[in-house]
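To start, the structure under review is shown below, and the notes come after it.
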Amino acid sequence: MIIGFMYQWSLFATRAPFVEIPKEVLGDIVKALDVKPGSVVYDLGSGDGRVLEACYRVQSDAKYVGIDKAIVPHVYAKLRLRYRKIPSGAIKLLHKNFFKQDLSDATHVYVYLFPGLLKSLLPKLQKDLKPGTRVVSCDFEFPEEFKPVQVIDLNRPKGKRGRRLYVYEITNHQIPIINE
Ligand SMILES: C[S@@+](CC[C@H](N)C(=O)[O-])C[C@H]1O[C@@H](n2cnc3c(N)ncnc32)[C@H](O)[C@@H]1O
């Protein structure tokens, strides 16, 4: 509890844009991602690692990679996963900028990022991701040229986080074209 408080305080103090997804919607995110045995799942901006943990508890036979450039969430996620008895190595946590990570082995990508960041990220997804990759974005849509295949309304009150999931799939014909 004390670590949790210090964590929240330090994020506030450094104005790091970390906001966790509410626990109530984790099950819906896991369902929307639909991770299969052998999948390679990235959480870009993984915060405290809760989304990957929830996925791992449902499907342990997959590779999980969480990337966060902020040191506080990164360290906190490491301690948290250890405390919650996730086997070491089951979820790989990288302290780096996700723009510098090769994502070409991904089969699933999860993001909970503001629209401006999604816009900057799209050309990278366009370049790195192979057809068939499933991308799930919580609450915020990618620019309109990248169309979701499904929008899941989580029926949560207005003003709450985790109200909608946007599900995208990269296909041969649907790789978004962005004019920068
Ligand atoms: C809104 S939080 C999402 C946390 C988690 N994915 C969740 O759903 O609970 C966004 C996180 O993205 C991280 N982030 C933002 N830009 C990043 C970048 N370029 N590379 C790595 N992490 C980044 C922030 O440090 C923050 O922890």
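Order of appearance sets the numbers: ligands from 1, and atoms from 1 within every ligand. Just so you know, these numbers use all the heavy atoms, side chains as well, and skip hydrogens, waters and symmetry mates.
Looking at every heavy atom in both residues, Leu81 comes nearest to Gly49 through CD2-O, 4.2 Å. For Gly66 against Ser46, the heavy-atom pair with the smallest separation is C-OG, 3.2 Å.
A salt bridge does not link Arg164 with Glu141: every distance from a Lys NZ or Arg NE/NH1/NH2 to an Asp or Glu carboxylate oxygen is 4.0 Å or more. Between Asp48 and Arg80 there is a salt bridge, with a side-chain nitrogen of the basic residue lying less than 4.0 Å from a carboxylate oxygen of the acidic one.
Looking at Arg50 next to ligand 1, no N or O pair under 3.5 Å apart turns up. Note: no N/O pair closer than 3.5 Å links Pro73 and ligand 1 by distance alone. Close N/O approach between Ile21 and ligand 1 is found [any backbone or side-chain N/O within under 3.5 Å]. At under 3.5 Å, a nitrogen or oxygen of Asp43, whether backbone or side chain, sits near a nitrogen or oxygen of ligand 1. Considering backbone and side-chain atoms together, Phe98 places an N or O closer than 3.5 Å to an N or O of ligand 1.
Of the listed options Glu20, Lys23, Lys96, Lys69, Lys69 places a heavy atom closest to atom 22 (N) of ligand 1. Closest to atom 24 (C) of ligand 1 by heavy atom, among Asp68, Val72, Asp139, is Asp68. Remark: among candidates Asn97, Val111, Leu113, the nearest residue to atom 19 (N) of ligand 1 is Asn97, based on non-hydrogen atoms.
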task: Please step through side-chain hydrogen bond (donor to acceptor under 3.5 Å, both in side chains) for the pair Gln101 and Lys96, ending with a clear verdict.
output: CA-CA 8 Å; Gln101 174 73 23; Lys96 71 188 278 192; 2.8 Å; yes
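Only backbone heavy atoms of Ser46 (N, CA, C or O) come within less than 4.0 Å of ligand 1; its side chain stays farther off.
Within the listing of ligand 1, atoms 15 (C), 16 (N) sit less than 4.0 angstrom from a heavy atom of Leu117. Annotation for ligand 1: atoms under 4.0 Å from non-hydrogen atoms of Phe99 are 19 (N). Which parts of ligand 1 touch Ala70 is read off a 4.0 Å heavy-atom cut-off, strictly below it: atoms 25 (O). Residue Tyr110 approaches ligand 1 through these ligand atoms, each under 4.0 Å from one of its heavy atoms: 6 (N), 8 (O).
Cluster membership check: Val58 does not share its hydrophobic cluster with Val136, using side-chain heavy-atom separations under 4.5 Å among Ile, Leu, Val, Met, Phe, Trp and Tyr. Hydrophobic clustering (ILVMFWY, side-chain heavy atoms < 4.5 Å, transitive): Phe114 and Ile29 are in one cluster.
Annotation for Tyr83: hydrophobic cluster partners, listed by chain and number, are none (ILVMFWY side-chain heavy atoms under 4.5 Å, direct or chained).
Pairs engaging residues 20-72 under the ring pair (Phe, Tyr, Trp, His ring centres under 6.0 Å) rule: none recorded [sequence neighbours left out].
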